[in-house]
Q: 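Handing you this structure, nothing more for now.
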2 protein chains.
Amino acid sequence: MKRLENDLRQCGLRVTEQRLAVYDWLRKHPVHPTADVIWQALLPENPGLSLTTVYNTVKALAEHGLIRTLNIDASEQRFDGEPADHGHFHCRLCGEITDFPIDPEDVQGMLPKGFIPEQCDVFVRGLCAGCATGKN
Amino acid sequence: MKRLENDLRQCGLRVTEQRLAVYDWLRKHPVHPTADVIWQALLPENPGLSLTTVYNTVKALAEHGLIRTLNIDASEQRFDGEPADHGHFHCRLCGEITDFPIDPEDVQGMLPKGFIPEQCDVFVRGLCAGCATGKN
DNA sequence: TGATAAATTGTAATCACTACAAACAACGCG
DNA sequence: CGCGTTGTTTGTAGTGATTACAATTTATCA
């Protein structure tokens, strides 16, 4: 937990219980939840936690690169506790979002000359392994 | 324009003036507008056109693969008249969105075994060539 | 410990988007 | 060509995720 506190401090963010709870939960759960899902998950252990605080927190964490935001659905924003570049596969049948590793250099090679990448997202829609074989 | 009519018919969509107007405009303008921007652009030539119709139309076109939807900003959905796979670069300074070609095979190679891609988006944030050299 | 600046909270507002029902128009069939 | 069916358009009213705001609380540092 000291590590998480340090992360916050190095970004100039004050360390609060709420931020630690949100940040810790995102790091420990390799899913891609909405703000509301995070809130519901934390509420039992953190009574009084406000949904607004969850929104404020994920916004602050994302602005400082500690977590990532995913615009997969148009209607709702999702968050990802793993800030390093990686791809996301969205199965159109089961809806599951699967992470996969990417090599940022591969992506960089696709860019026009002079463009400087800072963050890249590779997002693929299709059928996941389970749904493709009809096992779901 | 006959080509566009055919595209609509082959998707089982009825050919209406409104759909042709939206589709034609998206094909001719290589930008990434929101529904509202499309509406404002078409209104002078198409008085009475409803914003709801623009929303309905882009939804129908996207569902049939004639155009693409871009979830670049969390707050608003953008559309792209070019349905083939290609990447998008979003400059964090000037906000411009630049297209760049990608090889779908490169992306496919990154996927876990058994996953079947159907549509892929490569989205990169950073500095565009103009902003990187300080010329903006 | 006390000052100060930032974070939290709850409520109210915003804004992109959608549901809905009535009016209308495209397409197929005679 | 005219008619009926069915899909489309339109305006309005809603929805739901997200944010603005002001009051209260709390982290941080001297």
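Heavy-atom basis, side chains included; hydrogens, waters and symmetry copies ignored. The sequence lines fix the lettering, A, B, ..., with proteins before strands; numbering per chain opens at 1.
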Q: Rounded to whole angstrom units, what separation is found between the CG atom of A:Leu13 and the P atom of C:dA7?
A: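 Computing the A:Leu13:CG to C:dA7:P distance gives 7 Å.
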Q: For the side chain of B:Arg14 and the base of D:dT6, is some donor closer than 3.5 Å to an acceptor across the two?
A: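 Answer is yes: a donor-acceptor pair is held.
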Q: In whole Å, what is the span from the CD1 atom of B:Ile72 to the P atom of C:dA16?
A: 17 Å
Q: Could you tell me how far apart A:Glu17 (CD) and D:dT26 (C1') are, to the nearest whole angstrom?
A: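 Distance, rounded to whole Å: 11 Å.
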Q: Both B:Val15 and B:Asn56 contact DNA chain C. Taking the nearest nucleotide for each, which residue is further toward the 5' end?
A: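 This one resolves to B:Asn56.
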Q: Look at the side-chain N and O atoms of A:Thr52 and state whether any lies under 4.0 Å from the OP1 or OP2 oxygen of C:dT8.
A: no
Q: Could you check which of C:dT9, D:dT18, C:dT18 has an atom nearest any side-chain atom of A:Glu76?
A: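 Given the options C:dT9, D:dT18, C:dT18, the side chain of A:Glu76 is closest to D:dT18.
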Q: Given atom CG of B:Leu51 and atom P of C:dA19, what is their separation to the nearest angstrom?
A: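 These atoms are roughly 15 Å apart.
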Q: Does A:Gln18 place a side-chain N or O at less than 4.0 Å from the phosphate oxygens OP1/OP2 of C:dT9?
A: yes
Q: Has A:Tyr55 got a side-chain N or O lying under 4.0 Å from the OP1 or OP2 atom of D:dT19?
A: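 No.
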Q: Taking the side chain from B:Asp80 and the backbone from B:Glu82, do they hold a donor-acceptor pair closer than 3.5 Å?
A: yes
Q: Distance from A:Asp121 atom CG to B:His90 atom NE2, nearest 0.5 Å?
A: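 So the gap between those two atoms works out to 12.5 Å.
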Q: Rounded to whole Å, how long is the line connecting atom CH2 of B:Trp39 with atom P of D:dT10?
A: 11 Å
Q: OP1 or OP2 of C:dT8 versus the side-chain N and O atoms of A:Arg19: is any pair under 4.0 Å?
A: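 So the side chain of A:Arg19 is within the cut-off, an N or O lying under 4.0 Å from OP1 or OP2 of C:dT8.
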Q: Quick one: label B:Arg9 by what it contacts on the DNA or RNA (base, sugar-phosphate, nothing), any heavy atom closer than 4.0 Å.
A: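 Sugar-phosphate: the residue B:Arg9, judged by heavy atoms under 4.0 Å, touches backbone atoms but no base.
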Q: Does any donor atom in the side chain of B:Gln40 or B:Asp36 lie under 3.5 Å from an acceptor atom in the other side chain?
A: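 Yes.
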Q: Please answer whether the main-chain N or O of B:Thr52 pairs with a side-chain N or O of B:Trp39 as donor and acceptor at a distance below 3.5 Å.
A: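 Flag not set: sc B:Trp39 to bb B:Thr52 has no pair under 3.5 Å.
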Q: Select one nucleotide: of D:dT28, D:dT9, C:dG10, the one nearest the side-chain heavy atoms of A:Ser50.
A: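 In terms of side-chain proximity for A:Ser50, the closest of D:dT28, D:dT9, C:dG10 is C:dG10.
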Q: Rounded to the nearest angstrom, tell me the gap between atom CG in A:Asp73 and atom P in D:dT18.
A: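 Result: 11 Å.
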Q: Pairing donors with acceptors under 3.5 angstrom, does anything connect the side chains of B:His86 and B:His88?
A: yes
Q: Quick one: A:His64 NE2 to C:dA6 P, roughly how many Å, whole number?
A: 12 Å
Q: Nearest nucleotide by nearest heavy atom, which residue falls closer to the 5' end of DNA chain D, A:Ser75 or B:Thr16?
A: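 Its nearest nucleotide being more 5', the pick is B:Thr16.
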Q: Rounded to whole Å, please give me the gap between CD1 in B:Ile38 and P in C:dA16.
A: 14 Å
